[in-house]
Participant: 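Just passing along the structure, written as structure tokens.
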Amino acid sequence: MTEERPPLQIRDPRVMRALAHPARLAIIDALATGQTGTATQFAQVVGLSPSATSYHLRALAKYGLVEDAPSRGDGRERVWQRVSGPLRFEAGPNDSPEVREAGQALVDAVLDRDDAQARQWAEAAAFDEPEWYDASRISKNYILVTAEELQKINEAVEELIKPYSFMRRLDPPAGARPVAINYRAFPIDRLASEDSKP
């Protein structure tokens, strides 16, 4: 197990806006699975030209979200890796309107990407191996909790998942595959109410 860096807290609206781009989120996702690569290799991931992908990689590097990886050979190609440690971003009610707007744009982009991945899985799931089909889940549960209880649930889920992260699991067993876990927990009682909107 490698020593993990603490989470990189993103609170700068410029960084949030830079990250709120589908190609950049796709690159961050690919790098989060332990991949390193060149602009040409990531171009296949994001569906853009190598030069456009290189532009996005440089933008991510400008804000400290990716960095140079060790060279794989003669050093003619620039190899990229994600900064180690998780990325966290927050835009709360006490932040400036600029931070809240940038945070909302980033949340929207992340949710769009996560939802698209879930749809892709749903379309292809029936063709996967039966044990993977059976082990995969998209579910929704309704619970009744206090804010303190919800915080405890969130912490327990994070602790349950942590040993399986790419940063910790350097020697996974045969048959291990990368899995995306999207966990969302938020109150729903005021979502339709006009009174709850700013």
Participant: To the nearest 0.5 Å, how far apart are CE in Met16 and CG in Leu19?
Facilitator: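 Taking CE in Met16 and CG in Leu19, the distance rounds to 9.5 Å.
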Participant: How are the rings of His56 and His21 set relative to one another: parallel (under 30°), tilted (30 to 60°) or perpendicular (over 60°)?
Facilitator: tilted
Participant: Any sub-3.5 Å donor-acceptor pair from Glu101's side-chain atoms to Glu98's backbone N or O?
Facilitator: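 It does not hold such a pair.
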Participant: How many angstroms lie between atom CD of Gln35 and atom CZ of Phe166, to the nearest 0.5 angstrom?
Facilitator: 8.5 Å
Participant: Is Glu155 salt-bridged to Lys152, going by a charged N under 4.0 Å from an acidic O?
Facilitator: no
Participant: For Asp95 and Gly92, indicate whether the former's side chain and the latter's backbone hold a donor-acceptor pair under 3.5 Å.
Facilitator: yes
Participant: Do you know which two heavy atoms are closest between Pro172 and Ala176, and how far apart they sit?
Facilitator: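 Closest approach of Pro172 to Ala176, heavy atoms only: CB-CB, 3.8 Å.
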Participant: In the structure I gave you, are the side-chain heavy atoms of Asp128 and Arg177 within less than 4.5 Å of one another anywhere?
Facilitator: yes
Participant: Can you tell me how far the OG1 atom of Thr38 sits from the CZ atom of Arg78, to the nearest 0.5 Å?
Facilitator: 12.0 Å
Participant: Report the distance from atom CG of Leu150 to atom CD1 of Ile143, rounding to the nearest 0.5 Å.
Facilitator: 6.0 Å
Participant: Find out if a path of hydrophobic residues (ILVMFWY) with successive side-chain heavy-atom gaps under 4.5 Å connects Ile138 to Val179.
Facilitator: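 Unlinked, Ile138 and Val179 end up in two clusters.
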Participant: Kindly indicate whether the side chain of Leu25, heavy atoms from C-beta on, has any atom under 4.5 Å from the side chain of Asp112.
Facilitator: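 With C-beta onward as the side chain, the pair stays apart.
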Participant: Hey, is CD on Glu129 packed in by over 12 heavy atoms from elsewhere, all under 6.0 Å?
Facilitator: yes
Participant: Is Tyr55 linked to Val46 within one hydrophobic cluster, defined over Ile, Leu, Val, Met, Phe, Trp and Tyr using a side-chain heavy-atom separation of less than 4.5 Å?
Facilitator: no
Participant: Would you call Asp115 and Arg184 a salt bridge, taking side-chain N to carboxylate O under 4.0 Å as the test?
Facilitator: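 Counted as a salt bridge, because a side-chain N and a carboxylate O are separated by less than 4.0 Å.
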Participant: Is Val15 linked to Val107 within one hydrophobic cluster, defined over Ile, Leu, Val, Met, Phe, Trp and Tyr using a side-chain heavy-atom separation of less than 4.5 Å?
Facilitator: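 Result: yes, single cluster for both.
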Participant: Going through the checks in order, is the side-chain contact (heavy atoms from CB on, under 4.5 Å) test met by Val45 and Thr53?
Facilitator: CA-CA 9 Å; Val45 171; Thr53 304; over 6 Å; no
Participant: Using atom types as modelled and distance alone, determine if a side-chain donor or acceptor of Ser136 lies under 3.5 Å from a backbone N or O of Trp132.
Facilitator: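 Such a contact is found between Ser136 side chain and Trp132 backbone.
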Participant: Hey, does Leu191 have a side-chain heavy atom less than 4.5 Å from the side chain of Phe186?
Facilitator: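 SC-SC contact between Phe186 and Leu191 confirmed.
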Participant: Tell me if the CZ atom of Phe127 is crowded by more than 12 foreign heavy atoms within 6.0 Å.
Facilitator: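 Not more than 12 within 6.0 Å, no.
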Participant: Just by distance, do the side chain of Arg24 and the backbone of Ala18 share a donor-acceptor pair under 3.5 Å?
Facilitator: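 The answer is yes, because a donor-acceptor pair under 3.5 Å joins these two groups.
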Participant: Can you tell me how far the CD atom of Gln104 sits from the CG atom of Leu111, to the nearest 0.5 Å?
Facilitator: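 Rounded to the nearest 0.5 Å, the CD-CG separation comes out at 8.5 Å.
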Participant: When rounded to the nearest 0.5 angstrom, what is the spacing between CD1 in Ile161 and CD1 in Ile181?
Facilitator: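 Between atom CD1 of Ile161 and atom CD1 of Ile181 there are 4.0 Å.
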Participant: Would you say that Leu31 contacts Phe42 through its side chain, given a criterion of any heavy-atom pair below 4.5 Å between the two side chains?
Facilitator: yes
Participant: Under 4.5 Å between side-chain heavy atoms, counting indirect links through other Ile/Leu/Val/Met/Phe/Trp/Tyr residues: same cluster for Val66 and Val79 or not?
Facilitator: no
Participant: Run the side-chain contact (heavy atoms from CB on, under 4.5 Å) check on Trp80 and Leu60 step by step: do they pass?
Facilitator: CA-CA 10 Å; Trp80 297 91; Leu60 290 169; over 6 Å; no
